[in-house]
Amino acid sequence: MKLLTVLPLLSLIPSALPFPSSSISDHVSGAPGSNSNTPLHIQLKPKQTRTRDLISLDGLWNFALADDNRTATPWTSPLPKGLEAPVPASYNDIFVDRSIHNHVGWVYYQRTVTIPRGWASERYIIRLESATHEGRVYVNDELVAEHVGGYTPFEADISTLVSAGETFRLTVAVNNELTHETIPPGDIEVTEYTGRRVQNYQHDFYNYAGLARSVWLYSVPKEQYIRDITVVPDVDGDTGLLSYTILTSNGTGTGTDSVNISVRDEEGNEVATASGTQGTVSVPSVTLWQPGAAYLYDFTVSIISDSSSPNQAAEPDPVDTYTLSVGIRTVKVTDQQILINDVPFYFTGFGKHEDTTIRGKGHDQAYLVHDFQLLNWIGANSFRTSHYPYAEEVMEFADRQGIVIIDETPAVGLAYSIGGGVSSEPNRPTFSPGGINDNTQRAHAAAIRELIARDKNHPSVVMWSIANEPASNEEGAREYFTPLAQLARDLDPASRPISFANLGQATYETDTISDLFDVLLLNRYFGWYSFTGDLGEAEAALESELRGWVDKYNKPIIISEYGADTYAGLHSVYGLLWSEEFQVEFLDTYHRVFDRVDAVVGEHVWAFADFQTNVGIQRVDGNKKGVFTRERKPKAAAHALRRRWRNETGV
Ligand code: GCB
């Protein structure tokens, strides 16, 4: 028998709920081990504007694995020559080296960076869009930022550490360890004979790690700058309303200088103006952001110095300026419907992953555009960011393409009855001091905060999913989720509906938390994990369960997962499991039921494309429930879905 030891927590856990707010200087923090997960001081995604410069630090960085000697400080000198890793990309599948693929612990990325000499009167910031799952940033020998949580951005203001014109060594240490107190959770085991550290986790996708998203160096004006913009849209007749709050380096007060707002339509016409850090602007004869027909306004915020002469003919040069794209639309939930712009919306689409060969979870613009092309081809109007926040570029693209998003936190695997995505006997209670506990809940709260802070302005986001398949049927779930559901409600200035994706074992009879949420997201696998291959039984069981949810909750239902593993190219006249024919029949079976139950307002097939998982006896080179292969080739089900969703035939 293998003897496995669970290692003590090595990761840093956000220290308090509510999440501490502090100034950027707190990022320049002390000893490793002290937690300093601070909110972004400047929330806005870096952009080049008249007052801001932006330099991409993407490219090839020197790369090394940490050895187990935790006293080493590799950031204090150049990394040993040899490996170079691309940014953005997960590092696991880049090298032909199993020890890198399976590495558990810290790795180091390093490069040199030069601050442009023209930035002497600017403030400059390093921003990482993500470091999975924990990152520490060093400028030369000094730790300047640390962050826990692998899918949201963090930053360090380095203006006081390096001068304009100076070149410095930038090292980013990244740790991929998951413990029962991280989000997502996991356990590290040490094997009995070789003492190898192995990362286990309950979720069903590979634990890709590293710098999978962009790294930026950017500047903002030194004295005054815009930190955040919050815009909440509403509609009154044919007038669009944008309630806004601007956070500047002087806070939300008016400070010493003026804040001006200008709203322009897609043709560049100015349609509204305002001044001040808070207020509401009206957009007459509004063009709404609609699913499938995106329309975005440019919402430009400028800080204008009060000392600039009012008599100047031309518009004065702003101290700082930033333009946010905003869409005007409403989202409401009634008894059994979800309304976008007061029209019932039926979700068609998928649960997706950020996953491609070689890059792992590395953001890739070509795949982004191609995936959206396929969504359009198949007639999908929406997807869920299962099971973590996606790169911000994805959200912006969805805004521009009119794709609707259910935006999910990385809280996946909060159920010890699941191992690698497959049900098993729970070996211990999920919500317990040695399992998902108060510290996990704090990390979960931080994940919700960071997701909503980052994505609150996206018109594509119509709903938050605060977890995937937690053990909501187990004792302790309600205590765990009640404050988190409330937190999500309190944090979203736009009051979007909240939800979580429910696990099949937590039926309408045993689930204990669904009343805390607005919409029921149900993941169901009748015919696959239960009633395997028996679609007659599956159809009856599914219908009976859905009717149970309707009777008990009377809330809109989206089937947020349903699907069958399918080996592309495998065919069977009997429709045997794993064949393309079975996947088609399986989906047809579910669709017949959805069409009979009025409260079903959406169908998200699991999954968009095949994806990599921890490979084991249940998974041959990953999860094959994709409607497209990992290379994005259609299986037979893709054509069947296209016929249903687009009401069309042919290719
Ligand atoms: C689920 C999970 C998803 C898995 C899927 C499966 O319920 O939410 O992450 O990949 O099942 O295929 O088992």
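The first residue of the sequence shown is numbered 1, and numbering continues consecutively from there. For ligands, and for the atoms within them, numbers begin at 1 and follow the listed sequence.
When ring centroids are compared, Y553 and Y508 stay outside the 6.0 Å threshold. For Y480 and F431, the ring centers sit closer than 6.0 Å to each other.
At a heavy-atom cutoff of 4.0 Å, ligand 1 is contacted by the side chain of N623 but not by its backbone. Only the side chain of E561 comes within 4.0 Å of ligand 1, counting heavy atoms alone; its backbone N, CA, C and O stay farther away. Residue F611 touches ligand 1 through its side chain alone, judged by heavy-atom distances below 4.0 Å. With a 4.0 Å cut-off on non-hydrogen atoms, N468 touches ligand 1 through its side chain and not its backbone. If you look at Y525 next to ligand 1, the close heavy atoms, those under 4.0 Å, all belong to the side chain.
N623 and T613 are not linked by any side-chain donor-acceptor pair at a separation below 3.5 angstrom, with hydrogens and angles left out of the test.
The distance from ligand 1 to the heavy atoms of N523 drops below 4.0 Å at these ligand atoms: 8 (O). Of all atoms in ligand 1, listed by their number and element, those nearer than 4.0 Å to a heavy atom of R619 are 6 (C), 12 (O), 13 (O). For ligand 1, the atoms sitting less than 4.0 Å from at least one non-hydrogen atom of Y529 are 6 (C), 12 (O), 13 (O), numbered in the order shown with element in parentheses. For ligand 1, the atoms lying closer than 4.0 Å to a non-hydrogen atom of H387 are 3 (C), 8 (O), 9 (O).
Residue-to-ligand polar distances place K625 within reach of ligand 1: an N/O pair is separated by less than 3.5 Å.
Of the candidates K352, H458, E354, V394 forms a side chain to side chain contact (heavy atoms under 4.5 Å, CB included) with just one, namely E354. Of the candidates E545, E543, E561, R524 forms a salt bridge (charged side-chain N to carboxylate O under 4.0 Å, His left out) with just one, namely E545.
Between D515 and K552, none of the side-chain N atoms (NZ, or NE/NH1/NH2) sits under 4.0 Å from a carboxylate O, so this pair counts as no salt bridge.
Proximity of P556 to V333: side-chain heavy atoms (C-beta onward) are separated by under 4.5 Å at one or more points.
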